[in-house]
Amino acid sequence: AIAALPSVAEESRFTQGLLWRVTKPGITPGYVFGTVHVAGGRLADLPALVNRAFERSNSLTLEFIADQYGRERFLEAAMFLDGQTLEEKLGRGDFERVLEHLKPLGLKPEFVNRLKPWGVLLNLRSAGAARESLAPSVDALLYERARARRLPLHQMEDIEEQVFVFDDFPIDSQVALLRHSLAHYGELPAMSEATLKAYLARNLAALWRIQEGFVVRVTPRSPSTTPVSS
């Protein structure tokens with residue numbers, strides 16, 4: 001839903017709310033509920049409207065269902081298997097910073113050194129979450145509730161599509177993104193907290209402003225150019 005907002009200034013109708021009812025004549029209504037990819041106890045209690053929509057539903061479709069094979073395949077894809085190392089790609093200084101930030105996860109340096117840059121990026125997010133809570137995400141909560149009701153489960157992407165999203169990035173781009181995240185690492189906790197608060201308030205406009213503001217702050221300005229006539 002956030003991605004669907006081209007600009008808060010251009011579209012003011014959809015600035016509040018996370019639950020969407022999809023209807024078509026002659027077809028049972030469906031629901032789309034926007035979730036956030038973080039864990040935390042503050043997300044454990046779903047709104048009453050969401051609970052009622054869930055109880056009316058006869059199936060659940062998630063972005064991705066991580067079964068045992070999927071987790072193993074994702075881990076395999078996130079690692080260098082040809083002798084390359086993360087330290088070679090980043091240099092000693094940035095590699096040491098990665099090790100420091102990943103300490104909450106208890107990962108051994110030898111393991112971290114085999115991770116591709118995109119694998120480190122995902123773990124950096126997990127390391128931040130580890131400081132907050134071990135509570136499940138909203139997606140995980142819905143998944144467990146659907147299993148308890150024996151509802152049919154579907155996913156929008158399979159494991160290879162998930163891997164492709166990250167692994168198709170050129171290695172130079174992965175390194176640049178990781179260095180960028182390390183340089184702005186101190187800003188991420190505050191941004192995550194503001195994002196979570198906006199989500200809990202169902203404030204799509206605030207979510208958009210937070211993301212937009214962060215991009216503006218950390219994106220380097222392009223050098224100015226002056227036409228030269230020959």
Query raised in the report: Tell me, do Thr85 and Glu88 make a side-chain contact under 4.5 Å, heavy atoms counted?
Result: yes

Report summary line: Output for pair (Asn203 CG, Leu200 CG), nearest 0.5 Å, gives 11.5 Å

Requested in this report: Please check if atom CZ in Arg150 has more than 12 non-hydrogen atoms from other residues, nucleotides or ligands closer than 6.0 Å.
Outcome: no

**Report entry** Over 12 foreign heavy atoms within 6.0 Å of CZ, Arg149
**Finding:** yes

Report summary line: Shortest non-hydrogen pair, Ala146 vs Leu153, comes out as CB-CD2, 3.6 Å

Query raised in the report: Would you say Phe111 and Leu99 are hydrophobically clustered, going by side-chain heavy atoms of ILVMFWY under 4.5 Å?
Result: yes

**Report entry** Residue pair Arg92 / Glu87, side-chain heavy-atom distance below 4.5 Å
**Finding:** yes

Query - Nearest-0.5 Å distance, CG of residue Leu18 to CG of residue Leu49 - result: 11.0 Å

Query - Pair Asp94 + Lys89, salt bridge at N-O below 4.0 Å - result: no

Query raised in the report: Is the shortest side-chain N to carboxylate O distance from Glu193 to Arg42 below 4.0 Å?
Result: yes

Query raised in the report: What do you reckon, is CZ of Phe169 surrounded by more than 12 foreign heavy atoms closer than 6.0 Å?
Result: no

Query raised in the report: Going by heavy atoms in the side chains, are Pro29 and Val22 under 4.5 Å from each other?
Result: no

Query raised in the report: Which atom names give the shortest non-hydrogen contact between Leu178 and Leu124, and what distance separates them?
Result: CD1-CD1, 3.8 Å

Requested in this report: Treat each ILVMFWY residue as a node, draw an edge where side-chain heavy atoms are under 4.5 Å apart, and state whether Phe164 and Trp118 are in one component.
Outcome: no

Query - Gap separating the CG atom of Leu102 from the NZ atom of Lys108, nearest 0.5 angstrom - result: 15.5 Å

**Report entry** Glu110 bridged to Arg114 by N-O distance under 4.0 Å
**Finding:** no

Query raised in the report: Roughly how far, to the nearest 0.5 Å, is OG of Ser57 from CZ of Arg52?
Result: 13.0 Å

Taking distance alone, no hydrogens or angles, what donor-acceptor pairs closer than 3.5 Å link side-chain atoms of residues 64-83 to residues at least two apart or in another chain?
from, atom 1, to, atom 2, distance (Å)
Asp67, OD1, Tyr69, N, 3.4
Asp67, OD1, Gly70, N, 2.7
Gln68, OE1, Arg71, NH2, 3.4
Gln68, NE2, Glu72, OE2, 2.9
Arg71, NH1, Ala66, O, 2.5
Arg73, NE, Glu160, OE2, 2.9
Arg73, NH1, Glu76, OE1, 3.4
Arg73, NH2, Glu160, OE1, 3.2
Asp82, OD1, Gln84, N, 3.3
Asp82, OD1, Gln84, NE2, 3.3
Asp82, OD2, Gln84, NE2, 2.8

Requested in this report: In sequence, state the C-alpha distance, the side-chain angles, and the governing distance for Phe95 and Val112, and then conclude on side-chain contact (heavy atoms from CB on, under 4.5 Å).
Outcome: CA-CA 9 Å; Phe95 179 67; Val112 175; 4.2 Å; yes

Report summary line: Correct closest heavy-atom pair for Met191 and Gln211 would be CE-OE1, 3.3 Å

Query raised in the report: Are any side-chain N or O atoms of Glu161 and backbone N or O atoms of Asp158, one a donor and one an acceptor, separated by less than 3.5 Å?
Result: yes

Query raised in the report: Closest heavy-atom contact between Ile210 and Ala198?
Result: CD1-CB, 4.1 Å

Requested in this report: Please step through side-chain contact (heavy atoms from CB on, under 4.5 Å) for the pair Leu62 and Thr35, ending with a clear verdict.
Outcome: CA-CA 10 Å; Leu62 298 170; Thr35 62; over 6 Å; no

Query raised in the report: What heavy-atom pair brings Pro189 and Gly186 nearest, and what distance separates the two atoms?
Result: CD-O, 3.5 Å

Query raised in the report: Is the side chain of Tyr199 donor-acceptor paired with the backbone N or O of Gly34 at a distance under 3.5 Å, no angle test?
Result: yes

Report task. Please answer whether the main-chain N or O of Leu90 pairs with a side-chain N or O of Arg179 as donor and acceptor at a distance below 3.5 Å. Result -> yes

Query raised in the report: Out of curiosity, Asn58 CG to Thr28 OG1, how far, rounded to the nearest 0.5 Å?
Result: 7.0 Å

Requested in this report: Verify, without hydrogens or angle tests, whether Gln174 (side chain) and Leu121 (backbone) share a donor-acceptor contact under 3.5 angstrom.
Outcome: no

Query - Steps toward side-chain contact (heavy atoms from CB on, under 4.5 Å) verdict (Val138, Leu46) - result: CA-CA 8 Å; Val138 177; Leu46 296 177; 4.0 Å; yes

**Report entry** Phe54 six-ring centre to Arg145 NZ/CZ under 6.0 Å and within 45° of normal
**Finding:** yes

Query raised in the report: Does some side-chain heavy atom of Leu196 sit less than 4.5 Å from a side-chain heavy atom of Leu43?
Result: yes

Query raised in the report: Judged by atom type as modelled, is there a donor-acceptor pair below 3.5 Å linking the side chain of Asn123 to the main-chain atoms of Gly119?
Result: yes

Requested in this report: Measure the shortest side-chain to side-chain distance between Pro117 and Leu177 over non-hydrogen atoms and say whether it is less than 4.5 angstrom.
Outcome: no

Report task. Looking only at non-hydrogen atoms, find the nearest pair between Thr23 and Arg21 and report the distance. Result -> CG2-NH1, 3.3 Å

Requested in this report: To the nearest 0.5 Å, tell me how far His180 NE2 sits from Tyr185 OH.
Outcome: 15.0 Å

